[in-house]
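Along the sequence shown, residues are numbered consecutively beginning with 1. Counting starts at 1 for both ligands and their atoms, following the listed order.
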Amino acid sequence: MTTFVVSLFLPYTIDFHDLPEEAPPRSLADIGRTDSTRNVNASQASLLSGVSQSPLPTPSIAEHSDFFSQSPTVFTHFPKGELKPNTLVRSDSHVPEGSAGLLFNQPRSRADPPPPATILEYVKAQDASRARPRNLSPHATNRNHRDRSVDPRWATDWTVVPAVQGNGGLTNAVRAALDTGSMSDVLHVGLIGFPTDVLDAQKKTEIHEKLESEHESLTVFVSDQDYDGHYAHYCKTILWPVFHYQIPDHPKSKAFEDHSFKYYVSLNQAFADKVIANYKRGDIIWIHDYHLLLVPKMIREKLPDAQIGFFLHTAFPSSEVFRCLASRDQLLEGLLGANLVAFQIDEYAHHFLQTCSRILSVEATEDGLQLDNRFVNVFSCPIGIDPKALAVAREEGDVAEWIKKVQDRYAGKRLIVARDKLDNIRGVRQKLLAYELFLNKYPEYKDKVVLIQVATSTTDNDSLASTVSEIVTRIEAVHSTLAHQPLVFLRQDISFSQYLALLSVADTLMITSLREGMNLTCHEFVICQDGEGSSKKHSPVILSEFTGSAAIFEGTELAVNPWDYQKCAEAIKVALDMPDDEKDRRYIKLRDIVMHHTGESWIRNLTEQLATVHDEHFRRDMMSIPRLSHNKLIVNYKSTNKRLFLLDYEGTLTTWGNVSKTVLASPQRVIDALNDLLADNRNIVYIMSGLTMDELEMIFSRVPGLGLIAENGCFLKEARQDGWIAFADMEKTNKWKESVRSILQYYIERVENSHVEDRRCSLIFHYKKDGKVDEAASRQAGDCANHINDACENQRVRAIPTKDSVIIEPIDWDKGTAAKYIMAQLGEEDRPEFLFVAGNDRDDEVVFRWAKTVADEGGCANVETVTVGTRNTVAMATLTQGTTGLINVLNKLAKL
Ligand SMILES: O=P(O)(O)OC[C@H]1O[C@H](O[C@H]2O[C@H](CO)[C@@H](O)[C@H](O)[C@H]2O)[C@H](O)[C@@H](O)[C@@H]1O
């Protein structure tokens, strides 16, 4: 049994080391590196050898950069500088887009340049392309076009090296799970991290084979156009900002049109095809992150029984933000191909449930989403780090040396450290503004504190970079003196050893992301702060409340709202002034959390959860639910003297129609079957229904002794008794109805031909128009259900969207609670020896579940639950002949 770990980038890439290096791309300067960064320069070398020390008490910013510019080659990305496959990497890798090729010798993209940034230019380009003669290749007139043909120079020597880009947290978690045996037989599926148009077919085959046979990796090859269009354009320009609450609506934004969605689809399809071609029955498929949202559905279409899990590493926004995406339906439907969709924290899972219920009008429950013929479980499970491997890495290589160097260089200073990718979501601008405010507000700290901010740049964020530069310059101009610079702003990455050293000596770590799925840097900080004697720090973490990590740190961090500069400035002061005993108290809890939520336990939880839900889905699948065995039923019926029947009405004993339109007289054969059953006084029979008490009385007036459950469990007429029992408190009911009615009024005004049906204990919002449901109406209905669920949470009511209505009913009373009551009333003496439950719909599942508990707990020896519907169910048996089949069964029993 193989586990496919499907994520955009493989944990490996290729270095074509013997080849003359490719010319750097135009954006190189933006990335903040030059080609010389591949070599250690003289001053860095002398610094590294420890020969040179700055003559100034504290160095200038440029010298600070020199101080940290150890040897920015690929080796500095790994502990001990080893290029060992499966090595530990930084969890939040933050490798700037397109920069991996600067570390290794790798081809550049042959794809056409991106569409112009402004709408105006885009329209001009479109017009020009339309005016082009038909028989001419569009590339022939494109001056920027790069030659797409293969280049024989790349048929050179190459080696497999660990990748620096991709999801470091995932790589570390898989490695830890393999080490501990929580996982075995893994097959990674992904890109090798650079554009491959330039490689010939033979080279691609060689690479594919080597990675498959020696590194358990299946390489997905896509065209450079798909690669760029998918990653740089759709993922980075549209999905990434939206998933982090930034709607790209600036007129200059390239996201004005989803021109790149087609590349997203195409790359997702290539991933799905690769998995499908290599899948064997019983394999497990895990798909990771926002780059591959469509893959679950694409795989499900070809492998209906496969065990598919999806984990989203980023945040998932509120439905109000998600709905701005033009391809929102396809993206959600893509995810719903999985058996399990998992998120870092409950908040994101909740947003996803709400978004699906709102946009796709599907029923959301606490556990997941009920689709027409399948259930998709939704779950949250935070990723973590590998604390053991990190602790070992801290003891190795030149980490101790760097700790010493940093301590010496900043002796007597309090250090605030941070390492972020310089993109809009990391809140670096906000952090600098808060720090500036701190320096202004608390001048007594000016000479005592240094913020070391490592900002790994992105390729395409000129405006953010210049805003940040302005703030850096201002802080320097106002607060730096000849002897002290309170800000060290590094526009390039530091080595792994320096990173561990900085985290070890810091007096606080400051993370101010505006949104972030998790943020594993602060987990790594916690581990680095541990130690004995003088190496023990236990410094606090200042952490944005908008990160997943803040949700699991339970207040042991100093939580901040990054937009609240005053509070952020105060948090810095609190962190620096914190007494040791409080530091220790917070630290011990933080460490427990980080040690508990590890990458390895994350994999274990996800694997277990997926196996459980897949098994459940498989059992629920109609194909695997056995047909009702008439023989067994007859034998059990004949051998028992106390029998209880709970029979759903609409859709089970009579053909399904809208609740309000069900014919108020039941077919004679139903009446006859029920009367025949009741003729045997060893039988107790109940009808379960959404209809009102009056409606049921009218329909079953000719079946004396029949028990009735009205309005889905809110009212009960006990078998062979007169009068009704009301479970719901009518005063409370009238109160919630009043609030719900006012919400419904808003939707009635907006949805043509909609109306509200008022039942005693429930309200039904009907929105079917001329027998059809239009898309806009069903979207409004989804909104309506969410609106009610949010607003009336405390009133114990829920709104459930169905295909043509929204049912608003109490949470505390349902058919299951009525069934439980009936059983309790029968008492020990009359406890049934035979229990038969029949239903067809969502609201019957609670009764099936209750009956199963009765059987499991030994409350009844012969329990049979049967569904006449086609939905997923927990019922033990199915009756494919529908209502007719059920009536035949009842007739048969009555005649025995
Ligand atoms: O920049 P990308 O190649 O598109 O990848 C996105 C980011 O992936 C990783 O971060 C995500 O996963 C982390 C671990 O689950 C989580 O902490 C973070 O919040 C997620 O965004 C990677 O660490 C980042 O460098 C990438 O930018």
Should the proximity of [X] to ligand 1, defined as any heavy atom under 4.0 Å, be assigned to the side chain, the backbone, both, or neither?
{"X": "D92", "result": "both"}
{"X": "L170", "result": "neither"}
{"X": "Q165", "result": "neither"}
{"X": "C235", "result": "neither"}

So, S549 versus T547: side-chain donor-acceptor pair below 3.5 Å or not?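 On atom types as modelled, these side chains do not qualify, holding no pair under 3.5 Å.
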Qualifying residue for ring pair (Phe, Tyr, Trp, His ring centres under 6.0 Å) with Y231, from Y263, F9, Y290, Y264: F9
As a test of understanding, state which of Y348, Y245, F352 forms a ring pair (Phe, Tyr, Trp, His ring centres under 6.0 Å) with F316.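 When Y348, Y245, F352 are each tested with F316, the ring pair (Phe, Tyr, Trp, His ring centres under 6.0 Å) holds only for F352.
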For ligand 1 and T314, I'd like to know whether there is a polar contact (N/O to N/O, distance under 3.5 Å). no
Of all the atoms in ligand 1, which lie at a distance below 4.0 Å from a heavy atom belonging to [X]?
{"X": "H291", "answer": "2 (P), 3 (O), 4 (O), 5 (O)"}
{"X": "G517", "answer": "19 (O)"}
{"X": "K236", "answer": "1 (O), 2 (P), 4 (O)"}
{"X": "K421", "answer": "1 (O), 27 (O)"}

Taking every non-hydrogen atom, the tightest pair across V220 and V189: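 Between these two residues, the closest heavy atoms are CG2-CG1, 3.7 Å.
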Provide the closest heavy-atom pair for C568 versus P562 in the form atom of the first, atom of the second, distance. SG-CA, 3.9 Å
Counting only heavy atoms, tell me which of [options] gets closest to [atom].
{"atom": "atom 27 (O) of ligand 1", "options": "H523, R426, E516", "value": "R426"}
{"atom": "atom 14 (C) of ligand 1", "options": "M518, H313, R515, R90", "value": "H313"}
{"atom": "atom 2 (P) of ligand 1", "options": "Y231, F9, W240", "value": "Y231"}

Among the heavy atoms of G169, does any lie under 4.0 Å from an atom of ligand 1? no
4.0 Å heavy-atom contact, S91 with ligand 1: yes
State yes or no: are the ring centers of Y499 and W402 separated by less than 6.0 Å? no
Between D289 and L292 (side chain of the first, backbone of the second, donor and acceptor by atom type, cut-off under 3.5 Å), is there such a pair? no
Stacked cation flag R515 on F243, 6.0 angstrom / 45 deg: no
Could you tell me whether R328 sits above the aromatic face of F322, with NZ or CZ closer than 6.0 angstrom to the six-membered ring centre and within 45 degrees of the axis?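 No, a cation-pi geometry is absent between R328 and F322.
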